[in-house]
Visitor: 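Mind looking over this structure? Questions follow.
When a ligand or atom number is given, it counts from 1 through the structure's own listing order. Any value given below was found using the heavy atoms of this structure, including those in side chains, with hydrogens, waters and symmetry copies removed.
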Amino acid sequence: MAQSSVIRILPEAVANKIAAGEVVERPASVVKELMENSVDAGAERVEVAVEAGGKRLVRVVDDGCGMTHDDALLAFERHSTSKIRSAEDLFQISTLGFRGEALPSIAAVSRLELETRHASESAGTRVEVAGGRLRDVKEIAWSRGTRVEVRDLFFNTPARRKFLKSESTELGHIATLVTHYALAHFQKSFRLTSLTNEILNVSPVASARERVYQVMGHQLLEQLVEISPVERRMSAALAAETAEEGEQPEEPVVVRVSGFVSRPEVQKLNRNQIYFFVNRRLVRDRLILHAITEAYRNILPASVFPVALIFLELPASEVDVNVHPSKTEVRFRRAAFLHDLVRDSIRQALVAARPVAAFPLPKAARAPSPDLDEAEAAERISEEPPLLRGAEVHVPRSVPAAPRGTRDFQLSSPRPAPETGTLPLEGAALSVYEPPGPSPPTTVEREGEVAPAGSGVSEFPADLHPLGQVQDSFIVATNAEGLWIIDQHVAHERVLFERHLRQRREKKVEGQRLLLPIIVGLTPQQLAAFQDIAEELDANGFEVEPFGQRTVAVKTSPAEIRADEVERLLLEILESVGREAHGLSLDDLRLKIATSVACHAAIKVNMPLERKKMEWLLRELGRTECPMSCPHGRPIVLRYGLKEIQKAFKRT
Ligand code: ADP
Ligand code: MG
C-alpha cells in the first residue's frame, strides 16, 4: 500500500545547509522549476503553454507520478520535498530538485492552481493558492499526472513585475530553456506553445543526435561534430588524494562525456550557444567554458565562440549541486580532471572529424536523396532552427545512423549526373571526412589517463600526390581515398602560424633586418596599442622604435615577412589589439600576432607553384596540429571521396 505522503518537511538543520536565495526571477524560472518537477516525477511527456511571455500564464502538464492529496498540500510548505531526507543526501543528489522551495516560492508571487493524482488514490486533488495563501482544496476527477498553472506572476509585487522584459524577450528565455531540457532528455516528449504558436514539439527518439536534428534542423546538425561517448575512469590514486580522512576506499569512478561541438568554420560572437549539462542538469560553469575554449585554441580565433552541447555524466557524489539557489552552478570534486577530460574529448572529436569541409551547395541544389521516402525527405529540407522560425517543428520518424567513415547527410541530388567528364560537384553527396579504421563507439580508457590536447595522431594523409593547381590558387591532389583540394594560402598560413607560435614559445623568433627602416604613421589609438605591446612585438621578431611624435620606425621584422608587407602587418596587429585593449591575455595576444604574421607571410592565391613547392606544402601541412582549418577557422582542405566519385559515375 503506498503511503499517503512521501513529502517531508526538512528538519531545520538540513534546510539551513541548503543554498538559499530567490528562485523566481522571471517566467522562465517558473518554467524551469515546474519542468524539473515533471522530469523528477518520471514524466515521459511534458507540455508547457505560456501566454504573454509567461507573464500572464505558465502552464506545465505532465504524465508523471502525481501526488496524493496530502502531498499536494504539503508541497506548498517551505522545505517540503520528497527528494532528500537528511544532510548526507545533499551529497548524493540525483534529482533535479531537492530544496523543496520552488512551489511555495512560486505560489507566493502568483495565482497558482495545481491538479494532480497519485496512482494510490482514486480521486485527484485540486489546490489553489494565491499570493502564498491557500484559497481552496477539493477533490476532482483526474486521470494521471500533474498540471500546474501559474497566472499573473508578481501580481502582488509590482516592483518585481516592472523588471520583467518584453513578452518576446521572456518568451525567448522560455523557448531556450525548454529546448535545452528537450536536448538533455531525448527519450521524453516536449511541447511548448504560446497562444499563437507551437514553438517546439518533439517526440521521443533513440539518441541525442536525433534530438539535435529534431530541435535544430539538419543544417545545424551538419555543422556539428559528435563527441562519441568517452568514458574515463578516474584513477584510484586520484580518488585517494581527494578522499577525506576516514573515508572508505572508493569504487572506481566512471565519468562519461558526450555531445556535439561545432566545426571550426562555425563562429559565434558570444557564448550563447554553449550548453553544458551535468547529469542532465543544465548548468553554467566557468571551468568547463574554459575547457571548451582551450579545446578550440589554435582552431578558432580568440574572439569568437563555437556552438557546444556537452553532456557530462558522473556519480552524484562527484558533484555538488547545492551551490547556487537556482541550481545552475555546480562544484566538482575533481575539477581539474574533468576540465582536461572535456577539453581533450572535444579536441579529439575535432581532430577525428577532420573536416574536410563539405562542398557548400547552392540552396537550389539541396534536393532530397532518392533513398529517402518523401515525407522524411520533405522534413529534411526544413532548415531553419525551429526557434528562429517560431513555428511548428516536424518530427521525423528516425534519422538513420551514419556509417562510420563517411557521414552522408543526404544532400545528394536525385538528378542524373551530367554526362560530361566533369565531376558533378554541385549535386554530389556531401561527405564529412572521418579517419578510416574501426574504433568502438565507447571506450573505457586506462585509469586516469588523459591524452594531452591535440595529441591525436594527425590523420591528414601523408601520401597526397599533387596534380596541379586550379586558378593558381587551389592545389589539386589525389591519393587512394579520392580527390583533395587544398587552399594554398590558408594551408601555408596554418604551417606558418604553428611554426611562429612554436618559435615564440622557444623564444626563437627570427627577425630580419630591413635594408631601410620603414616609417609608419600611427593614429593615437594605434600608438597606445603599440606602447602596450612593444615588448611582445620585440619577442616576435620585430624591432620597432618611436620616431617622431606619432610615427614609428620598423628596423627589423619577422623573417618570413616581405618588406612590402611589413607596414600592413604592423597596422593590422595594432588595430586588432586596439579593439580589445581590455581583457586581452598574453596568450591571446600571441595568438593574434602569430595569426597576422602567418597571414601576411603565406603564399598568396593566384600564385603558380612548382610541383616541389606543392609537395613541400602538403608535407608541412600534414605535420601541423590542425591541418584542416586555418587559424581563422576557415577550412583548408576539401575532399571528394572515391565513393562519391564512383557513385557519381554510377559505378556502384
Ligand atoms: P523540490 O523539487 O525541491 O522537492 P518543489 O517545491 O519543487 O521542491 O516540490 C515539492 C515536492 O512536490 C516535490 O519534492 C515532489 O514530491 C512534489 N512535486 C512537485 N511537482 C510535482 C510533479 N509535477 N509531479 C509529482 N510530484 C511533484
Ligand atoms: Mg522542484
Visitor: Could you pull out, from K327, K83, M67, the option with a heavy atom nearest to atom 2 (O) of ligand 1?
Guide: K83

Visitor: If you measure only the distance, is there a donor-acceptor pair under 3.5 Å linking the side chains of T176 and T179?
Guide: no

Visitor: Taking the six-membered ring of F311, is NZ or CZ of R280 closer than 6.0 Å to its centre and within 45° of its axis?
Guide: no

Visitor: Side chains of S110 and D152: is there a donor and an acceptor less than 3.5 Å apart?
Guide: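 There is no such pair (donor and acceptor under 3.5 Å, judged by atom type) between the side chains of S110 and D152.
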
Visitor: Around atom 23 (N) of ligand 1, find the nearest protein heavy atom and jot down its residue, atom name and distance.
Guide: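 In this structure, atom 23 (N) of ligand 1 has D62 OD2, 2.9 Å as its nearest protein heavy atom.
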
Visitor: Checking the side chain of R117 only, and the main-chain atoms of S143 only, is there a donor and an acceptor separated by less than 3.5 Å?
Guide: yes

Visitor: What atoms of ligand 1 come within less than 4.0 Å of a heavy atom belonging to R99?
Guide: 3 (O)

Visitor: Where on E101 is there a heavy atom closer than 4.0 Å to ligand 1, on the side chain, on the backbone, on both, or on neither?
Guide: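 Backbone only.
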
Visitor: Tell me whether K165 is salt-bridged to E170, with the criterion being a basic N under 4.0 Å from an acidic carboxylate O.
Guide: no

Visitor: Relative to atom 5 (P) of ligand 1, which among V60, N37, T95 owns the nearest non-hydrogen atom?
Guide: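 Among V60, N37, T95, the closest heavy atom to atom 5 (P) of ligand 1 belongs to N37.
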
Visitor: Quick check: are there more than 12 heavy atoms from other residues, nucleotides or ligands sitting under 6.0 Å from CG of L195?
Guide: yes

Visitor: N/O to N/O below 3.5 Å, does that happen between A75 and ligand 1?
Guide: no

Visitor: Return a yes/no value for E33: is any of its N or O atoms, backbone included, closer than 3.5 angstrom to an N or O of ligand 1?
Guide: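 Min N/O separation from ligand 1 is not below 3.5 Å for E33.
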
Visitor: Would the distance check show the side chain of D62 and the main-chain N or O of G64 forming a donor-acceptor pair, the cut-off being under 3.5 Å?
Guide: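 Yes: the side chain of D62 pairs with the backbone of G64.
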
Visitor: Between N201 and E198, is any side-chain donor less than 3.5 angstrom from a side-chain acceptor?
Guide: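 Note: N201 and E198 side chains meet the donor-acceptor criterion.
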
Visitor: Would you please classify the geometry between the F190 ring and the H185 ring as parallel, tilted or perpendicular, with 30° and 60° separating the classes?
Guide: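 Ring orientation of H185 relative to F190: tilted.
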
Visitor: Using a distance-only test with no angle check, is there a side-chain donor-acceptor pair under 3.5 angstrom linking S105 and R78?
Guide: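 Note: S105 and R78 side chains meet the donor-acceptor criterion.
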
Visitor: For E113, is there an ion pair with R111 - N to carboxylate O distance below 4.0 angstrom?
Guide: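 E113 and R111: not salt-bridged.
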
Visitor: Below 3.5 angstrom, do we get any N/O pair linking A41 and ligand 1?
Guide: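 In this structure, A41 places no N or O atom under 3.5 Å from an N or O of ligand 1.
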
Visitor: Among all protein heavy atoms in this structure, tell me which lies nearest to atom 3 (O) of ligand 1, with the distance rounded to 0.1 Å.
Guide: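 Ranked first by proximity to atom 3 (O) of ligand 1 is G100 N, 2.7 Å.
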
Visitor: Does the side chain of L183 reach to within under 4.5 Å of the side chain of Y275, using non-hydrogen atoms?
Guide: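 A side-chain contact under 4.5 Å is absent here.
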
Visitor: Using a strict 4.0 Å threshold on nitrogen-to-oxygen distance, state whether E36 and K83 make a salt bridge.
Guide: no

Visitor: Check each heavy atom of L103 against ligand 1 and say whether those closer than 4.0 Å belong to the side chain, the backbone, both or neither.
Guide: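 L103 to ligand 1: contacts from backbone and side chain alike.
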
Visitor: Counting heavy atoms only, which of L34, D63, T68, T81 comes nearest to atom 4 (O) of ligand 1?
Guide: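 Among L34, D63, T68, T81, the closest heavy atom to atom 4 (O) of ligand 1 comes from T81.
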
Visitor: Using a strict cut-off of less than 4.0 Å between a Lys/Arg side-chain nitrogen and an Asp/Glu carboxylate oxygen, indicate whether E128 and R135 qualify as a salt bridge.
Guide: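 R135 and E128: not salt-bridged.
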
Visitor: With sequence neighbours excluded, give me every side chain to side chain donor-acceptor pair (under 3.5 Å) pair touching residues 282-292.
Guide: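 Pairs touching residues 282-292 that pass the test: H290-H339.
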
Visitor: Just let me know how S80 lines up against ligand 1, side chain, backbone, both or neither, with a heavy-atom cut-off below 4.0 Å.
Guide: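 Backbone only.
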
Visitor: Enumerate the atoms of ligand 1 whose separation from the nearest heavy atom of G97 is less than 4.0 angstrom.
Guide: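 Selected atoms, number and element: 2 (O), 3 (O).
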
Visitor: Do any nitrogen or oxygen atoms of S82 come within less than 3.5 Å of a nitrogen or oxygen of ligand 1?
Guide: yes

Visitor: For atom 11 (C) of ligand 1, grab the closest protein heavy atom and report residue, atom and distance to one decimal in Å.
Guide: I7 CD1, 3.7 Å

Visitor: Among all protein heavy atoms in this structure, tell me which lies nearest to atom 22 (C) of ligand 1, with the distance rounded to 0.1 Å.
Guide: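 Scanning the protein heavy atoms, the shortest distance from atom 22 (C) of ligand 1 goes to T146 OG1, 3.8 Å.
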
Visitor: Taking 2.8 Å as the limit, list every protein N, O or S atom around the Mg ion (ligand 2), by chain and residue number.
Guide: N37 OD1

Visitor: F98 to ligand 1: N or O pair under 3.5 Å?
Guide: yes

Visitor: Suppose I only count heavy atoms of G66 and a 4.0 Å limit; which atoms of ligand 1 are within that range?
Guide: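 So the answer, numbered in order with elements, is 25 (C).
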
